[in-house]
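Heads up: the structure comes next, in structure tokens.
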Amino acid sequence: MKNSFLTLFAIVALTLNSCQTPSTTKLDEASIIPIPSSISSSSGVFKLGKASSIQLIGSGEDLSRVGNFLAEKLRPATGFDIPVSTESGDLVIELISGEATEKYSIDITSEQVKISSTSAAGLFYGMQTLVKSLPVAIENLSLVEMDWIIGNGTIEDEPEFSYRGAMLDVARHFISVEDVKHYIDQMGTLKLNYLHLHLSDDQGWRIEIKSWPKLTEIGGKTEVGGTEGGFYTQGEYTELVNYAADRFITVVPEIDMPGHTNAALAAYAELNPGVNLPDGDFATLTDGKIDFNILDRNPQPAEIYTGIEVGFSTFATNKEITYTFVEDVIREIVELTPGPYFHIGGDESLVTDKDDYIYFIERVQEIVTKYGKKSIGWDEIATAKLSLGTVAQFWAKDENAKLAKEQGNQILMSPAKRAYLDMQYDSTSRLGLHWAAYIELDDAYNWDPATYADGINKSDILGVEAPLWTETIDGRADIEYMAFPRLAALAEVAWSSNERRDWEDFQRRIIQQGKRWDINEIGFYRSPKVKW
Ligand code: TNX
């Protein structure tokens with residue numbers, strides 16, 4: 001009796017279990033981050049099989065690249081060949097005609113999966129969504145025997161903001177080409193499309209400038225803490241630009257100025273304000289005015305700096321040599337940069353006189369315009385007269401964002417209290433600073449760029465960017481610990497509408513994302529806000 005009861009129980013349990021399979025593969029229960037605009041499920045599943053193949057409809061190098069990315073992503077764990085052709089296939093990637101936008105749709109039936117978009121970027125995003133609709137085991141680089149199924153249904157998706165960025169501060173601690181590429185890979189999976197490289201600061205100059213070689217020879221030698229620094233040759237920078245472009249990510253180079261310039265000031269004495277008089281030499285008064293010729297004589301190079309204070313350095317804004325220098329640097333970097341933006345920094349110039357600061361920013365903006373780019377600058381630049389198309393990157397002050405808006409300029413949202421990946425999670429975090437806030441995962445997630453800054457509305461906002469400053473961060477493990485999972489939260493803030501976002505549902509999806517990171521050996525922070 002007892003035995004037959006157990007047998008019956010086992011049969012019921014087995015049946016229940018097998019009934020569960022379809023429900024766990026319902027498309028709207030997939031763990032897609034950022035959450036798409038709409039997902040509707042229908043009955044049945046699509047099953048990836050040994051004979052599965054990719055069909056490209058349309059033409060162009062970008063389209064084939066997307067097809068090959070998908071094939072390469074699916075092959076290792078499934079062990080299937082997944083050929084890519086224009087002939088036929090059950091995985092269809094279709095470039096449709098029409099004005100190119102980032103919008104895409106995916107239609108999944110038991111016979112076929114079809115991704116369509118008017119742009120290759122849209123197809124790339126659709127491909128990322130498809131990968132996240134498959135079981136997390138798809139991330140494995142070696143064979144996993146299982147059913148590779150996706151629930152039938154339709155996904156329609158498009159981003160809320162056109163600029164979805166991440167910044168790496170490669171100046172405070174140098175970040176190797178390989179580690180930047182690894183970050184770019186992760187950005188791609190999160191549908192981020194701008195990589196801002198903070199290439200210079202007090203502690204380091206990180207890009208080769210052929211006309212001013214001491215920038216990297218002297219200014220690139222060290223980093224915070226006094227360890228060996230580094231820099232990208234122009235070839236390596238180009239390699240990063242191309243690697244990013246293959247993933248539909250545009251590089252935004254930043255040369256921070258007129259403050260945060262100690263590394264350049266250490267390399268070239270002539271860029272320093274002429275206050276470093278040799279011992280015993282004094283400025284004289286001529287007709288009651290300081291004689292600047294004497295003041296400017298023999299400026300001394302600054303000392304190499306490896307601490308983490310901010311706001312103590314400035315270029316000499318009143319010397320022509322400074323603008324010759326800035327123009328050479330901008331020209332050389334612009335030649336290597338296909339994207340539309342050049343970031344001129346402009347933050348925390350605390351030892352630059354206010355009028356000098358405004359003069360400098362306005363002149364540098366003109367140089368950027370001359371070389372065909374638009375300027376981006378930290379929000380302080382809005383105290384100057386901004387050119388048409390210049391973008392103010394909000395990090396601290398509502399007043400500055402308002403000044404930019406009143407001048408008809410757009411705002412890039414990087415509020416330090418929400419979007420700064422170098423802020424500690426809580427007081428026990430082993431890395432990071434906390435001058436702006438402690439930022440737990442829910443803090444990074446629960447804010448709305450369109451209402452965050454007083455007087456700034458959705459239409460004033462170009463997008464959202466998550467900066468990672470590296471005073472306390474050195475190497476891939478540190479980067480991963482600070483960036484993940486928060487970068488995923490911020491990617492959803494940038495891509496998905498406020499109405500679509502939901503913290504409870506995000507918790508469910510980030511747990512699955514965490515499994516993917518585990519398989520990819522990404523050492524993310526296991527926030528106590530989530531039951532991993
Ligand atoms: C402020 S944010 C800075 C950076 C520091 C950062 C550290 C901004 C525009 N300037 O120079 O690295 O704080 O959190």
Side-chain angles (χ1 to χ4, degrees), residues 165-175 196-206 223-225 229 252-265 305-315 341-352 357 361 364 375-384 390-401 403-404 411-427 429 431-439 443-444 452-453 464-474 478-479 481-483 486-487 490:
M167 186 204 85
L168 290 176
D169 168 9
V170 299
R172 268 54 175 273
H173 279 103
F174 182 61
I175 304 179
H196 168 184
L197 292 174
H198 184 77
L199 291 167
S200 69
D201 212 301
D202 289 320
Q203 300 85 347
W205 185 283
R206 307 298 180 203
E223 57 180 16
V224 167
V252 179
E254 176 185 356
I255 296 299
D256 200 353
M257 51 195 162
H260 287 278
T261 42
N262 188 78
L265 296 169
Y305 182 69
T306 60
I308 65 165
E309 295 299 316
V310 295
F312 60 87
S313 56
T314 186
F315 279 150
Y341 299 113
F342 188 96
H343 201 303
I344 61 174
D347 58 316
E348 299 173 320
S349 291
L350 307 181
V351 295
T352 320
Y357 174 83
I361 294 295
V364 171
S375 300
I376 306 185
W378 298 104
D379 62 40
E380 290 97 316
I381 65 160
T383 58
T390 290
V391 175
Q393 184 165 12
F394 172 89
W395 65 283
K397 291 208 172 117
D398 289 20
E399 308 95 83
N400 288 340
L403 283 175
I411 321 290
L412 177 58
M413 293 298 291
S414 299
K417 289 176 167 45
R418 301 291 185 159
Y420 270 27
L421 297 174
D422 67 316
M423 289 298 117
Q424 293 181 300
Y425 293 97
D426 64 26
S427 62
S429 299
L431 301 169
L433 305 173
H434 61 261
W435 63 265
Y438 291 116
I439 306 180
D443 303 313
Y452 185 83
V464 178
E465 183 175 286
L468 179 65
W469 301 101
T470 58
E471 284 94 335
T472 64
I473 290 148
D474 188 12
D478 287 2
I479 294 170
Y481 178 79
M482 296 308 277
R486 287 183 297 196
L487 189 62
L490 291 158

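Computed from a predicted model, the values in this text were never measured in an experiment. Just follow the structure's listing: the first ligand is 1, and inside any ligand the first atom is 1.
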**Asked** What residue and heavy atom of the protein are closest to atom 1 (C) of ligand 1, and at what distance?
**Response** E348 OE2, 3.5 Å
**Asked** Quick one: does D201 get an N or O within less than 3.5 Å of an N or O on ligand 1?
**Response** no
**Item:** E380 and W395: CA distance, side-chain angles, deciding distance, side-chain hydrogen bond (donor to acceptor under 3.5 Å, both in side chains) verdict
**Value:** CA-CA 9 Å; E380 290 97 316; W395 65 283; 2.9 Å; yes
**Message:** Taking a cutoff of less than 4.0 Å between a non-hydrogen atom of the residue and any ligand atom, is H260 in contact with ligand 1?
**Reply:** yes
**Message:** For atom 5 (C) of ligand 1, what is the closest protein heavy atom, and at what distance to 0.1 Å?
**Reply:** E471 OE2, 3.3 Å
**Asked** Taking the side chain from S313 and the backbone from H260, do they hold a donor-acceptor pair closer than 3.5 Å?
**Response** yes
**Request:** Please say whether D422 places an N or O atom under 3.5 Å from an N or O atom belonging to ligand 1.
**Result:** yes
**Item:** N/O donor-acceptor pair under 3.5 Å between T470 side chain and D169 backbone
**Value:** yes
**Asked** Hey, mind stepping through M423 and L433 against side-chain contact (heavy atoms from CB on, under 4.5 Å) and telling me if it holds?
**Response** CA-CA 5 Å; M423 289 298 117; L433 305 173; 4.1 Å; yes
**Asked** Do side-chain atoms of R486 reach the backbone of I439 as a donor and acceptor pair under 3.5 angstrom?
**Response** yes
**Item:** Sub-3.5 Å N/O-N/O distance, D347 and ligand 1
**Value:** yes
**Item:** side-chain contact (heavy atoms from CB on, under 4.5 Å) between Q203 and F174, intermediate numbers included
**Value:** CA-CA 10 Å; Q203 300 85 347; F174 182 61; over 6 Å; no
**Message:** Need the ligand 1 atom indices (1-based, order shown) with element for anything under 4.0 Å from a heavy-atom of M423.
**Reply:** 14 (O)
**Prompt:** Based purely on interatomic distance, does D169 place a nitrogen or oxygen under 3.5 Å from a nitrogen or oxygen of ligand 1?
**Reply:** no
**Criterion side-chain contact (heavy atoms from CB on, under 4.5 Å) on I255 and F342, from CA distance to verdict** = CA-CA 8 Å; I255 296 299; F342 188 96; 3.8 Å; yes
**Request:** Please indicate whether any nitrogen or oxygen in R172 is less than 3.5 Å from any nitrogen or oxygen in ligand 1.
**Result:** yes
**Ring geometry between H198 and W469 (parallel below 30°, tilted from 30 to 60°, perpendicular above 60°)** = perpendicular
**Asked** If you count the atoms of ligand 1 from 1 in the order shown, which ones are under 4.0 Å from a heavy atom of L433?
**Response** 7 (C), 14 (O)
**Request:** For atom 13 (O) of ligand 1, grab the closest protein heavy atom and report residue, atom and distance to one decimal in Å.
**Result:** W435 CZ2, 3.3 Å
**Item:** Test log, rule side-chain contact (heavy atoms from CB on, under 4.5 Å), inputs L265 and F315
**Value:** CA-CA 7 Å; L265 296 169; F315 279 150; 3.7 Å; yes
**Prompt:** Quick one: does W378 get an N or O within less than 3.5 Å of an N or O on ligand 1?
**Reply:** no
**Asked** What protein heavy atom sits nearest atom 2 (S) of ligand 1, and how far off is it?
**Response** Y420 OH, 2.4 Å
